[in-house]
Amino acid sequence: MTEVARKPNDSSAVERGEVPEVAALCNALTELFNTLGISQSAYAVRVSLDKSIVSRYLRGRRIPPPDFIDRLLREVGGVRGVPVRPEAKSRVTQLRLEALRVCDPAAHELETLRAEMEQSQRQVQVLVRHQEALHVLLDKKESEALFVQGELEQARQDWTGDLLRAHRTELELREHVQRHSTEREDLVEEISKLKSELSDVATLRAEAERRCGDLESRVKEMEEELAAARSESGSGSRLPLATLQGQLAAFLEAGEQREVTREIAQAAWERPVEEVVELVFWFWKRGDFSRRDRLVTEVVHSRSVDEIAEFGHATRRAHDMPRPRTPGLVTPLTVLLNQEVVAVRAPEDIATLHARWEEHWEARRVNPTSRNLLTVLIRSERNVDEVAEVISRLDRGDELANRLIQQAAYRSYPRHNFLALVPRLVEIEREDLVLSFCSALIPDDQRSLRTPDFMALGRISEAHCRLLSRAVLRVAPLEAVIMFLAGLCASYKAPNGNSVVEGSPAAIVFDDLRSEGHLIDVAAFAERTKGRKQGLPSASATVHKSLKAWAATHD
């Protein structure tokens with residue numbers, strides 16, 4: 001599909017038909033299509049194309065491929081009952097080449113070379129058939145010459161044998177010999193001419209084959225060059241960015257929302273990254289944040305990791321964008337980009353992009369906000385296994401990544417998946433990060449023992465609760481373990497006021513402490529440190545009382 005790429009005098013010149021070559025082609029195709037007497041939608045179904053593609057071909061927004069034109073000519077011939085005249089076909093083909101020449105010179109040159117190559121191939125085929133015919137004729141003449149030579153030899157023998165018989169017979173034989181000699185000379189001369197012509201044809205054939213080979217090589221080179229150029233600048237010929245912006249403005253003014261959405265999606269996956277960035281800022285400057293966000297979302301969904309990294313660098317370097325009138329209702333661009341990456345990209349992509357954008361995290365002095373990927377990841381609802389995989393792919397020596405994760409964990413409100421991540425960190429041997437996650441579960445003093453954070457433990461499975469308990473015991477000092485258990489006891493206190501609710505996370509943790517052989521050590525430490533003061537003594541007293549009551553019912 002070749003899209004019009006000529007720059008008009010203003011942004012909507014193509015839509016108004018100010019590209020003469022494209023307008024001429026559009027008029028010719030529309031005139032042919034009107035003879036069919038059907039709608040564009042019906043024709044799109046007939047030829048198995050999208051309605052928007054047929055519309056763009058007939059409106060002059062895209063230059064159709066030869067197959068589309070050939071199919072339309074056949075359909076018109078079928079309706080008329082007679083094939084379209086060759087001169088009409090040639091005219092439409094020439095109009096398409098003229099439009100292609102002004103819109104996409106490289107594609108025009110490629111198709112011209114292909115046509116020249118096909119002409120050379122046809123010439124070679126004609127010369128081959130001519131050469132074969134000359135070979136047949138030469139064989140025939142050589143056979144005739146051999147036959148005449150045989151007759152001549154026979155005539156000479158007859159002439160020698162009859163020389164003594166009669167003078168009249170001799171004259172007749174001489175005349176016969178002379179006639180055959182002349183005929184042989186004519187045949188020899190004709191054979192010589194045929195051989196000379198055959199040599200010329202062989203030379204022409206070799207030259208044509210050589211030129212055909214050169215043209216094939218040039219076509220392949222042009223195809224490779226054109227493919228490389230289009231891979232660098234996007235697939236296919238397309239409108240200049242300024243023209244696209246003009247069309248988008250016209251669509252928005254006309255209320256054609258579907259066209260705007262389609263153009264945004266197409267621009268997101270086919271245009272160069274720098275043009276996509278310009279388009280993002282264009283929407284931003286217009287105050288159209290919803291379509292700015294839609295474009296960013298399409299880029300994250302459709303582009304490669306390298307292109308997303310380049311896009312992120314370009315958008316983060318912009319400092320001259322106007323502030324929205326209602327900042328609280330508009331998601332900052334960097335925040336939106338991080339959220340989309342975390343929501344849809346694979347764990348390996350998220351780890352790669354964190355490393356590629358690391359300079360931006362440093363520039364913000366490791367501010368644990370949604371302006372960095374790892375904070376967004378830790379606070380997201382992403383699957384725990386996938387979050388752990390991202391962390392496992394990070395370099396353990398990456399101090400910046402470690403600080404971002406630790407600060408995000410320390411300042412985040414624990415959720416179901418947040419707590420379930422702790423055992424997974426132990427499994428991937430990142431115990432250095434576990435304490436930061438557990439710190440959100442360990443109160444600082446007696447006043448915060450009854451904290452709603454511990455209620456999140458009620459939403460995780462018993463197995464995860466046991467793994468979390470073991471992770472806390474593995475990485476946290478006993479003082480922190482006592483504070484953790486005190487918070488559990490305060491949150492899941494039994495009605496009698498001493499023990500904990502049976503089957504609650506607190507009871508599960510107590511049972512796990514006993515099965516793992518840690519219950520006696522924890523109880524002894526709590527008894528040694530209990531007291532009436534706030535902080536650890538008070539927490540130890542709470543834990544000691546609850547453990548004693550629980551143990552009395554589970555011996």
Would you indicate whether I428, at its atom CD1, is surrounded by more than 12 heavy atoms from other residues, nucleotides or ligands within a distance under 6.0 Å?
yes
Please list, chain by chain and in numerical order, all residues satisfying side-chain contact (heavy atoms from CB on, under 4.5 Å) with T261, sequence neighbours excluded.
R294
From CA spacing to verdict: side chain to side chain donor-acceptor pair (under 3.5 Å), S304, E307:
CA-CA 5 Å; S304 67; E307 292 171 325; 3.2 Å; yes
By side-chain contact (heavy atoms from CB on, under 4.5 Å), which residues pair with A523, not counting sequence neighbours?
L547
Could you tell me the separation between the CZ atom of R345 and the CG atom of L353, rounded to the nearest 0.5 Å?
7.5 Å
Is there side-chain contact between L400 and E358, with at least one heavy-atom pair below 4.5 Å?
yes
Taking the side chain as C-beta and beyond, is there a heavy-atom pair between F283 and I264 under 4.5 Å?
yes
Using side chain to side chain contact (heavy atoms under 4.5 Å, CB included), reason through R303 and V276 one step at a time and then give a plain yes or no.
CA-CA 11 Å; R303 304 304 281 261; V276 178; 3.9 Å; yes
Do the side chains of N372 and W357 get nearer than 4.5 Å, heavy atoms only?
no
Which residues share a side chain to side chain donor-acceptor pair (under 3.5 Å) with T529, sequence neighbours left out
S540
Pairing residues for A249 by the side-chain contact (heavy atoms from CB on, under 4.5 Å) criterion, not counting sequence neighbours
W282, R286
List for me each residue that meets salt bridge (Lys or Arg N to Asp or Glu O under 4.0 Å) alongside D306, sequence neighbours excluded, and say none if there are none.
R356
For E278, enumerate each residue passing the side chain to side chain donor-acceptor pair (under 3.5 Å) test, keeping only those at least two apart in sequence or located in another chain.
none
Quick check: does any side chain N or O of T542 sit under 3.5 Å from a backbone N or O of S538, one acting as donor and the other as acceptor?
yes
State, with a plain yes or no, whether a side-chain heavy atom of V280 is found less than 4.5 Å away from one of F311.
yes
Kindly give the heavy-atom pair with the smallest separation between H354 and L374, and that separation in Å.
CE1-CD1, 3.6 Å
Do I405 and L394 make a side-chain contact, defined as non-hydrogen atoms from C-beta onward lying under 4.5 Å apart?
yes
Spatial distance of atom CD (E389) from atom CZ (R424) [nearest 0.5 Å]
9.0 Å
Check whether any side-chain heavy atom of P65 lies under 4.5 Å from a side-chain heavy atom of Y57, and answer yes or no.
yes
Salt bridge (Lys or Arg N to Asp or Glu O under 4.0 Å) partners for E340, two or more places apart
none
Looking at every heavy atom in both I482 and V543, which two are closest together, and how far apart are they?
O-CG2, 3.6 Å
Say you draw a straight line from CZ of R393 to CG of D349; how long is it, rounded to the nearest 0.5 Å?
9.0 Å
Keeping the roles fixed (side chain from S380, backbone from L377), state whether a donor-acceptor pair exists under 3.5 Å.
yes
Within the structure provided, determine whether F251 and R258 are in side-chain contact (heavy-atom separation under 4.5 Å).
no
Are side-chain heavy atoms of F510 and C489 found at a separation under 4.5 Å?
yes
Please report the shortest heavy-atom distance between R382 and V341, naming the atom on each side.
NH1-O, 4.4 Å
Taking salt bridge (Lys or Arg N to Asp or Glu O under 4.0 Å) as the test, write out the residues that go with E256, two or more places apart.
none
Please name all residues satisfying side-chain contact (heavy atoms from CB on, under 4.5 Å) with V47, sequence neighbours left out, ordered by chain then number.
Y43, L49, R71
Sequence neighbours left out, what passes side chain to side chain donor-acceptor pair (under 3.5 Å) with D288? Give chain and number order.
S290, R291
Please report the shortest heavy-atom distance between N402 and R430, naming the atom on each side.
OD1-NH2, 2.8 Å
Check the pair V500 / L488 against side chain to side chain contact (heavy atoms under 4.5 Å, CB included), numbers first and verdict last.
CA-CA 9 Å; V500 295; L488 280 175; over 6 Å; no
Can you tell whether the side chains of E298 and R262 come within less than 4.0 Å, N to carboxylate O?
no
I need the F289 CZ to L336 CG distance, nearest 0.5 Å.
11.5 Å
Just to verify, what does D67 make a side chain to side chain donor-acceptor pair (under 3.5 Å) with, not counting sequence neighbours?
none
Atom of D512, atom of S515 and distance for their closest heavy-atom approach
O-OG, 3.0 Å
Among L279, L244, V277, which residue meets the side-chain contact (heavy atoms from CB on, under 4.5 Å) test with R271?
L244
List for me each residue that meets salt bridge (Lys or Arg N to Asp or Glu O under 4.0 Å) alongside E527, sequence neighbours excluded, and say none if there are none.
none
Spacing of D521 atom CG and E516 atom CD [to the nearest 0.5 Å]:
12.5 Å
Could you walk me through whether R56 and E263 pass the salt bridge (charged side-chain N to carboxylate O under 4.0 Å, His left out) check?
CA-CA 13 Å; R56 291 183 181 189; E263 292 294 346; 3.2 Å; yes
Here the gap from S499 atom OG to K493 atom NZ, rounded to the nearest 0.5 Å, amounts to 11.5 Å
